[in-house]
Structure formats: C-alpha cells, structure tokens
Amino acid sequence: MSTNSTEKKWDRRSADTAERLEAASRYIGPGKQFKPEDTVALLEAVIRAGDRVNIEGNNQKQADFLAECLNKVDKSRIHDLHMVQSAVPLPVHLDLFENGIAKKLDFAFGGPQAGRVAKFISEGKLELGAIHTYLELFGRYFLDLTPKVSLICAYKADRQGNLYTGFNTEDTPTIVEATKFRQGIVIAQVNEIVDTLPRVDIPADWIDGVVQSPKPFFIEPLFTRDPALVTESQILLAMLCLKGIYAEYEVKRINHGIGFLTSAIELLLPTYGEELGLKGKACTHMILNPHPTMIPAIESGWVDTIHCFGGELGMEKYVAARPDVFFTGPDGTLRSNRAYAQTAGHYALDMFIGGTLQIDKYGNSSTATASRVAGFGGAPNMGCDAKGRRHVTDSWLKVGKEMPTLDRQIGNMPRGKRLVVQGVETFGEGRAPVFVEELDAWKLAENAKLDLPPVMIYGDDLTHVVTEEGIAYLNRCADIEARMAAIRAVAGYTEIGLKANPDETRQLREAGIVKTPEDLGVDRSRANRSLLAARNIRDLVSWSGGLYNPPARFRNW
C-alpha cells in the first residue's frame with residue numbers, strides 16, 4: 001500500500017495549529033507567557049473567521065479579560081465565530097454577537113444574560129445551535145463541537161506554564177483536553193504567575209499561551225442564599241418535601257437546585273428533619289456546590305460526602321477544614337470538577353429537586369421562555385432517569401415499584417426510577433403563573449427556528465410536583481390523564497389549577513396520588529422562620545466556627 005503523502009494528508013489540524021502558533025510566536029516568551037497589551041494581537045494571530053471558539057465561563061470563574069480582548073479584534077478578519085461554551089453570564093459574551101464577531105451559540109446556562117439572549121435571538125443577531133445540559137455539551141466537545149481555540153482561566157501559573165485551577169476547577173480540564181487533544185489551541189489567563197504552584201491541575205504542554213490579567217477574574221457567589229430571605233411559604237414547601245418525599249422514600253443521594261426552597265430544606269434538616277427522625281436516613285451523600293446553607297446540617301453530622309461542581313466564594317476555609325466531607329487534594333484545597341459531578345449526578349443520584357419557571361399541563365417544564373433564555377445548566381442531567389443505570393438503592397427501587405405501568409413496557413423485569421421533584425409556588429416572580437397550558441418554549445423554538453422546544457425536564461421523567469397546595473405523586477399515575485389531573489390538583493389558582501375537578505381530586509387523595517399538607521400531617525402554623533437552623537448569614541458564620549467568610553454584600557453587621 002502506498003504511503004505517498006500526496007494521496008492523503010493526516011495532519012491537517014496540527015499543521016494548521018502550527019501555522020497559527022508561528023504567527024503568534026513573536027508575542028509568546030519563556031513559560032509561554034505573553035503581555036496583556038499583546039493579547040488582542042495574539043488572538044488575531046490564532047483565531048480565524050468561522051472558527052469554533054470556547055470562552056471559559058461557568059458559575060464560578062470567568063475568562064473575562066480574554067473575552068474583553070476578543071471583542072477588540074479586527075472584525076473584518078475575525079467574524080462568524082461559533083461560540084461553544086457552558087455559560088454566557090457576562091455582557092462581553094453577548095457583545096461578541098452585537099459587534100459582529102460571533103454568529104452562532106451553543107451553550108448550557110444564560111444566567112443574568114437570559115433576557116439579552118432571548119432578545120438577540122428574536123432580532124436575528126444570534127443563531128442558536130442548542131441549549132444543552134453540561135454533560136451533553138461536554139460530550140459534543142469530544143465529537144462534533146470540538147473547539148479550535150479555547151480561552152480559559154486559572155488562579156495561578158508557574159514559570160513553566162503549568163496551571164493551578166484550585167477551588168474552582170470546574171470545566172477547565174474538560175475544555176483543555178477536548179481542545180488540545182484535537183490539535184487545537186489553548187490560551188489561559190491567570191490571576192498571578194508564581195515560582196511554585198500548590199498543585200498542577202493542567203500541565204504546561206497542554207497550554208499555548210499564558211497571560212497574567214490586569215485584574216483577577218470575575219467570580220460570583222452564585223450559590224449563596226441568605227436565610228433572612230427564606231419565606232414562610234418556602235418553609236411550608238420544605239416541610240412538605242421532608243415529610244412527603246424525604247421521609248417517604250428515605251432518599252440518601254441527592255442534588256439540590258440553587259433556589260430558596262432547597263435552601264429552606266437544608267436549613268430545616270437539623271430541626272424539622274431531625275424531628276422526623278431522618279438523620280442518617282436521608283441526605284447523606286450530596287452532589288452540590290459548597291452551599292453555605294448546608295453548614296448547619298454538616299456540623300450536625302448529617303452529611304457523609306459532598307462532591308462539588310465548583311466552589312463558592314467565602315467557603316474556601318470551611319471546605320478545607322472538612323476533608324472528611326468534601327473532596328480536597330493533598331494540598332488541602334477543594335478540587336471541584338464539573339464533568340465528574342455531572343456524571344455522578346447523572347448516574348449515582350437517587351433524587352434531583354429543584355424549581356423551574358414554567359410547567360405545562362403534562363408536566364413538561366422549562367426555564368427558557370420567549371423573553372428569558374436562562375438555560376438549563378445541569379438540571380436535565382440530574383432531573384432525568386438515566387437509562388444506563390444498573391445499580392440499586394432502596395429509594396430507587398421503591399419509586400419503580402410504585403409505577404403502575406412499568407410491566408407494560410418490560411414485563412415482570414424489576415427496575416427502579418430516580419425521584420425527579422419540582423418544588424414551586426404556583427405563582428412565581430411578578431405573579432406569573434408557573435403552571436401554563438403551553439410552555440413559552442414553543443414560541444422560543446419558533447423564533448430561533450429550532451426543531452424542538454427547549455424543555456428542561458420532560459414530563460415522563462418528573463415523579464413529584466410540590467406546591468403550597470400539596471404533593472402530586474406522578475409516578476403513581478397509570479396514564480397521562482391521571483398525571484394531568486394530579487398536576488391540576490396542586491396548581492392552585494392558575495389557569496390549570498382552576499380546571500381541577502373536586503371529585504377527581506378527592507379520588508386522587510384517596511388513592512395517595514395527591515396529598516395535601518393535612519393529609520401528610522404537616523401543621524401549616526409551624527411553617528415559620530423559627531424552624532430554620534440559621535436565620536441569617538451571621539448565624540451561618542457562627543455555625544461554621546468562623547470559617548465561613550461571606551462576601552461583603554452579604555454582611556450587614
């Protein structure tokens with residue numbers, strides 16, 4: 001067989017990368033370092049029009065300096081970029097589309113830019129690929145959405161170009177491996193360059209350029225919830241969850257969403273949860289960022305293990321001081337990893353509980369509306385029944401046994417199911433009804449020319465809905481009609497809820513498919529702040545023994 005190189009060339013990618021790096025070589029010095037003032041020119045050397053580009057931006061750390069520099073490149077040379085990144089929470093991420101540098105976006109989480117994403121889609125400034133789950137997007141990095149150039153961030157680099165990502169490792173290893181092992185280019189911004197790193201998270205030979213940014217990267221305490229803002233309604237929902245779900249199924253392996261409901265649950269564990277006798281029976285293994293509202297439960301001995309997607313500002317010393325609970329390295333600091341935490345969430349969890357903006361009459365839910373594309377983050381990986389799961393837990397098996405139709409699909413084969421719980425007040429922000437006939441996602445799909453409405457959690461994955469009216473045990477429903485009736489029964493005074501038939505609801509309650517607070521023996525009068533283990537941020541600091549150092553905006557003392 002001939003090996004004549006004119007017949008087939010197998011190194012086009014690496015040759016292209018070498019050509020780009022040669023063009024950038026005059027800016028790059030020892031240790032792969034380059035000067036901040038050369039950043040725009042360096043990006044113009046390594047990026048070409050139409051490239052697929054990743055800017056690291058996640059919950060906890062942002063390659064914000066590199067994003068700002070990318071906005072300053074010559075758009076006559078660099079345009080129509082396809083951005084493939086976990087999150088777009090900063091204005092500069094969307095400025096790329098406003099400035100004509102980027103054209104298409106595949107992402108997972110919009111956050112504060114949710115309204116602007118929706119506006120850009122409707123105005124045709126942004127072509128939407130898809131709103132992914134994190135694992136889905138990571139998976140596509142290794143298949144059909146591999147970045148050609150990735151702009152990442154880390155806390156520190158050493159003189160050789162090795163990187164320390166520290167407390168908030170998050171997405172960095174996944175981005176770098178996908179890019180560099182497909183002959184791409186990786187550029188890093190760091191807060192400082194030092195002689196010796198606490199540990200090496202990313203080796204220098206996977207990095208092509210390092211710049212010490214003029215200021216530390218932006219970081220937001222996204223998972224900090226002030227107990228002072230937890231409402232009595234949220235405490236009632238938390239009591240329903242603990243009595244009607246946590247106690248009912250004794251579920252141990254859990255992911256909590258980031259809303260105030262799950263914060264209320266966390267703050268009720270050492271009080272109401274202990275009263276229910278759940279300690280040791282529920283919430284022993286968690287996939288969570290280091291939520292400050294978990295401190296009282298951790299200190300009370302509830303938790304065996306917490307693996308984190310990322311860090312949380314102010315929790316550094318507390319996490320380092322609790323190595324039996326958190327995954328910390330030989331250097332004593334947290335080593336978070338979003339891909340590992342998402343994988344654990346997808347396959348090892350028994351329950352996901354979170355909230356949403358809209359639920360339709362069938363139980364489908366979405367946080368992407370016509371005017372606000374918040375994205376899904378990791379919720380769909382946590383809030384689904386992973387078909388690849390093969391291991392057994394008691395709570396997983398119990399939910400499966402309660403499903404009346406499983407045998408019609410797989411005969412007498414035993415199988416379990418994950419608890420997927422949506423806990424919502426029937427009216428959300430601005431008194432907008434959470435329960436709707438049709439999700440806004442349909443309109444968004446029309447505007448963005450998507451083949452599918454962007455649904456966060458599909459109705460057939462949803463097992464429980466919790467509202468101030470009670471709990472709908474959807475996993476116990478025999479068909480879609482019964483599921484719709486159960487949803488109507490807990491939908492309150494929304495358009496959906498007003499269609500509930502009292503006789504039908506009574507029958508559902510008798511069958512144990514719908515349970516009100518009274519059915520569960522939950523005393524509504526006890527739903528007040530006296531049940532919270534901590535009632536403000538200062539209480540959390542006290543619970544932590546002074547190890548929790550909350551950001552200034554949360555300090556009022």
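Atoms considered below: every heavy atom in the structure, side chains included; atoms not considered: hydrogens, waters and symmetry mates.
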Considering non-hydrogen atoms only, spot the tightest contact between D461 and G383 and give its length. CB-O, 3.8 Å
Is the count of non-hydrogen atoms from other residues, nucleotides or ligands lying under 6.0 Å from D519 atom CG greater than 12? yes
Results of side chain to side chain contact (heavy atoms under 4.5 Å, CB included) for F427 - residues two or more places apart only: R431, P433, Y493, T494
Nearest heavy-atom contact between A247 and L278 is CA-CD2, 3.5 Å
Under a 3.5 Å cutoff, is there a donor and acceptor pairing between the side chains of Q358 and N364? no
Under the rule for side chain to side chain contact (heavy atoms under 4.5 Å, CB included), what residues qualify as partners of E469, not counting sequence neighbours? T467, V490
Report, as yes or no, whether the 6.0 Å neighbourhood of atom NZ on K279 holds more than 12 heavy atoms from other residues, nucleotides or ligands. yes
Output every pair passing ring pair (Phe, Tyr, Trp, His ring centres under 6.0 Å) with a member in residues 322-370, not counting sequence neighbours, ordered by first then second residue. H307-F327
With R415 via salt bridge (charged side-chain N to carboxylate O under 4.0 Å, His left out) - residues at least two apart: none
Answer with yes or no whether the side chains of T172 and K61 bring together a donor and an acceptor at under 3.5 Å. yes
Shortest non-hydrogen contact from C283 to I254? SG-CD1, 3.7 Å
I'd like to check the salt bridge (charged side-chain N to carboxylate O under 4.0 Å, His left out) partners of D95; sequence neighbours left out, ordered by chain and number. R116
Minimum heavy-atom separation for A344 and I287, please, with both atom names. CB-CD1, 3.6 Å
D64/Q189 under side chain to side chain donor-acceptor pair (under 3.5 Å): CA gap, chis, key distance, verdict: CA-CA 9 Å; D64 50 356; Q189 74 170 71; 3.1 Å; yes
Give me the atom names and distance for the closest heavy-atom approach of M286 to V303. CG-CG1, 4.4 Å
Give a yes-or-no answer on whether the side chains of E316 and T333 include a donor-acceptor pair shorter than 3.5 Å. no
Could you check whether T426 and E468, counting side-chain N and O atoms only, form a donor-acceptor pair closer than 3.5 Å? yes
A154: partners by side chain to side chain contact (heavy atoms under 4.5 Å, CB included), with sequence neighbours left out: L163, T165, V190
Restricting to side chain to side chain contact (heavy atoms under 4.5 Å, CB included), what partner residues turn up for L357, sequence neighbours left out? T367, T369, R372
Tell me which pairs pass ring pair (Phe, Tyr, Trp, His ring centres under 6.0 Å) where either residue lies in residues 526-557, with sequence neighbours left out. none
What I want to check is whether the side chains of N54 and Q85 have a donor and an acceptor closer together than 3.5 Å. no
Salt bridge or not for R509 and E518, using N-O below 4.0 Å? no
Tell me yes or no: between the side chains of T133 and N381, is some donor less than 3.5 Å from an acceptor? yes
Take atom NZ in K398; do more than 12 heavy atoms of anything else shown fall under 6.0 Å from it? yes
Pairwise distance NZ(K243) to CG(L268) - rounded to 0.5 angstrom: 13.0 Å
Option passing side-chain contact (heavy atoms from CB on, under 4.5 Å) with I471 (candidates V465, V522, L520): L520
Under a 3.5 Å cutoff, is there a donor and acceptor pairing between the side chains of Y134 and D171? no
Scan for ring pair (Phe, Tyr, Trp, His ring centres under 6.0 Å) pairs involving residues 226-282, sequence neighbours excluded, and state none if there are none. Y249-H464
Could you work out, with ring pair (Phe, Tyr, Trp, His ring centres under 6.0 Å) as the rule, every residue matching F223, not counting sequence neighbours? H291
In sequence, state the C-alpha distance, the side-chain angles, and the governing distance for K417 and D350, and then conclude on salt bridge (charged side-chain N to carboxylate O under 4.0 Å, His left out). CA-CA 8 Å; K417 186 175 178 64; D350 293 329; over 6 Å; no
Cut-off 3.5 Å, side chains only: do R555 and N549 have a donor facing an acceptor? yes
Please evaluate residues R199 and D201 with respect to the criterion salt bridge (charged side-chain N to carboxylate O under 4.0 Å, His left out), reporting the C-alpha separation (whole Å), side-chain torsions for both, the decisive distance (0.1 Å), and the verdict. CA-CA 6 Å; R199 67 171 185 249; D201 289 312; 2.8 Å; yes
For residues 227-239, which side-chain donor-acceptor pairs fall under 3.5 Å, sequence neighbours excluded?
from	atom 1	to	atom 2	distance (Å)
T231	OG1	Q234	N	3.1
T231	OG1	Q234	OE1	3.2
S233	OG	E425	OE1	3.0
Q234	OE1	T231	N	2.8

Can you sort out the partners of R535 under salt bridge (charged side-chain N to carboxylate O under 4.0 Å, His left out), two or more places apart, ordered by chain and number? none
Residue of the set E136, H132, M456 for which side-chain contact (heavy atoms from CB on, under 4.5 Å) holds with P380: M456
Closest non-hydrogen atom pair between S366 and L439, with its separation: CB-CD1, 4.2 Å
